[in-house]
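Here is the structure we will look at.
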Protein chains: 2
Amino acid sequence: MNTEEKIFNAARTVFQKKGFAGARMQEIADEAGINKAMLHYCFKNKQLLFEAVFMNAFSQLAPQINAIFNSNETVFEKITQFTHSYISFVILNPFLPPFVIQEMNNNPEFVKSFFKNKNTPNPSQLIDQIKKEIDQGIIKPIDPQQLLLDIFAMTVFPFAAHMLVKGILHINDIEFNKMMEERKTIIAEQIINSIKK
Amino acid sequence: MNTEEKIFNAARTVFQKKGFAGARMQEIADEAGINKAMLHYCFKNKQLLFEAVFMNAFSQLAPQINAIFNSNETVFEKITQFTHSYISFVILNPFLPPFVIQEMNNNPEFVKSFFKNKNTPNPSQLIDQIKKEIDQGIIKPIDPQQLLLDIFAMTVFPFAAHMLVKGILHINDIEFNKMMEERKTIIAEQIINSIKK
DNA sequence: TTTTGGTTTAACCATTTGGTTAACAAAGGT
DNA sequence: ACCTTTGTTAACCAAATGGTTAAACCAAAA
């Protein structure tokens, strides 16, 4: 692993744990086991290092999501695939959703340019498909955007609000992970059940 | 409005916008229109000022939630009441959910002591009620905790991930708020529909 | 072997930041 | 009037923080 990779991985760890404002360049350097000056040698400054990490985090999710959204499957099948593969992925990267959500809320300007320029999840094709299946009488008449929001909410929220959920439900990490494993199949059934005619 | 209130309101504004790490004491003082030394005179230090704001934010939500969770209504009625009144409240306080979730994720130790000592949302009674209604054949057999999580997710997520949602669905603030208004009634129907026998 | 180019580091710097101090003013009680 | 308490401020301070620099290091080219 070369120095740039070491820095990047360290930065990802620290940024995801502390957020942009809470992260310290020195801490990233220590985590990477290199001199702080190397951070600036490789990534110019904190903002650019952060953006590199953020873009990477987001770009891990986007293609995976779009691949499912834009496939040739039915809506029901897409819901099943999305929930299952998203949760599987996020169980392995639990810091990703809170990180992305937090930083998007904290940097509205950055977000705007981000969604204009970058490869982001795009559900427009899936929305059209939902409308079509509603017309065909497969799905109950609902607002496709609300359905999309429901799917994201059921899938992402437990990870985004990790600590809150554990606190309110009085469960520990092990129980939490068990719940998430079950959620892989439960959610899709639940959603499909509520919209199929 | 006395000085302490001025400081508190300013602190709430700044903390909710920037988070604990991103907030600056000077900025809070400016927002309050008073000298920075007054912050320390009234609230000792940043951590305590933050905790005052956080506790207050949380304590606005908790009683409202518990009142619904622990009433004598049916589960279906509670779901309807909760989603409606929570969304109504949060439309008026849109910074609350991201703030609470973010800071809980960033301060795990603080959260632990927090949930031990303070008046927090407690769904244990509602969970028992759900089990009972499952036994009575009113509700399909499901894990009550998962149902709870679903309700929170559908309700809280759009606000917690405000910016992300707007970005992915390509909607502006006005459309977002319209969606949330509709959600007040949609969600409960959706959830009830998926669990009623 | 020497040179050269990128790589890495210790030391340093300017600014920011949370927090303190000491003086001052206003109010209240005696 | 006089003292005490409370509220308020400008000036200050030490530590932390993002960023810079100049020198050292080192492998490969000449």
- [ ] Apply side-chain hydrogen bond (donor to acceptor under 3.5 Å, both in side chains) to A:Glu31 and A:Asn9, showing your working.
- [x] CA-CA 9 Å; A:Glu31 174 81 24; A:Asn9 289 335; over 6 Å; no
TODO: Quickly work out the B:Asn2 CG to C:dA26 C1' distance and round it to whole Å.
DONE: 16 Å
Task: Rounded distance in Å - NZ (B:Lys46) to C1' (C:dT16) - done: 12 Å
TODO: Report the residue (A:Asn45 or B:Lys36) whose heavy-atom-nearest nucleotide on DNA chain D is the more 5′ of the two.
DONE: B:Lys36
Task: Listed nucleotide nearest any side-chain atom of B:His40, set C:dT8, C:dG18, C:dT9 - done: C:dG18
Task: Carboxylate-amine/guanidinium proximity below 4.0 Å for A:Glu27 and A:Lys18 - done: yes
Open item on the list: Can you pull out the residues from residues 6-32 of chain B that lie within a 4.0 Å heavy-atom distance of DNA chain C?
Closed with: B:Ala23, B:Arg24, B:Met25
TODO: Ignoring backbone atoms, establish whether A:Thr3 has a side-chain N or O less than 4.0 Å from OP1 or OP2 of C:dT7.
DONE: no
- [ ] Report yes if the side chains of A:Pro158 and B:Phe152 come closer than 4.5 Å at any heavy-atom pair, otherwise no.
- [x] no
Open item on the list: Can you tell me which residue among A:His84, A:Met154, A:Glu182 is in a side-chain contact (heavy atoms from CB on, under 4.5 Å) with A:Ile187?
Closed with: A:Met154
- [ ] Answer yes or no: is there a side-chain heavy-atom contact under 4.5 Å between B:Ile195 and B:Phe76?
- [x] yes
- [ ] In plain terms, say whether A:Arg183 and B:Asp150 are close enough for a salt bridge, that is, a side-chain N and a carboxylate O under 4.0 Å apart.
- [x] yes
Task: Along DNA chain D, first and last positions that approach a heavy atom of chain A under 4.0 Å - done: D:dT17 to D:dT21
Task: Sub-6.0 Å ring centroid separation between A:His162 and A:Phe176 - done: yes
TODO: Send over the distance from B:Tyr41 OH to C:dC24 P, rounded to a whole Å.
DONE: 18 Å
Task: Aromatic ring proximity, centroids under 6.0 angstrom, A:Phe50 and A:Phe15 - done: yes
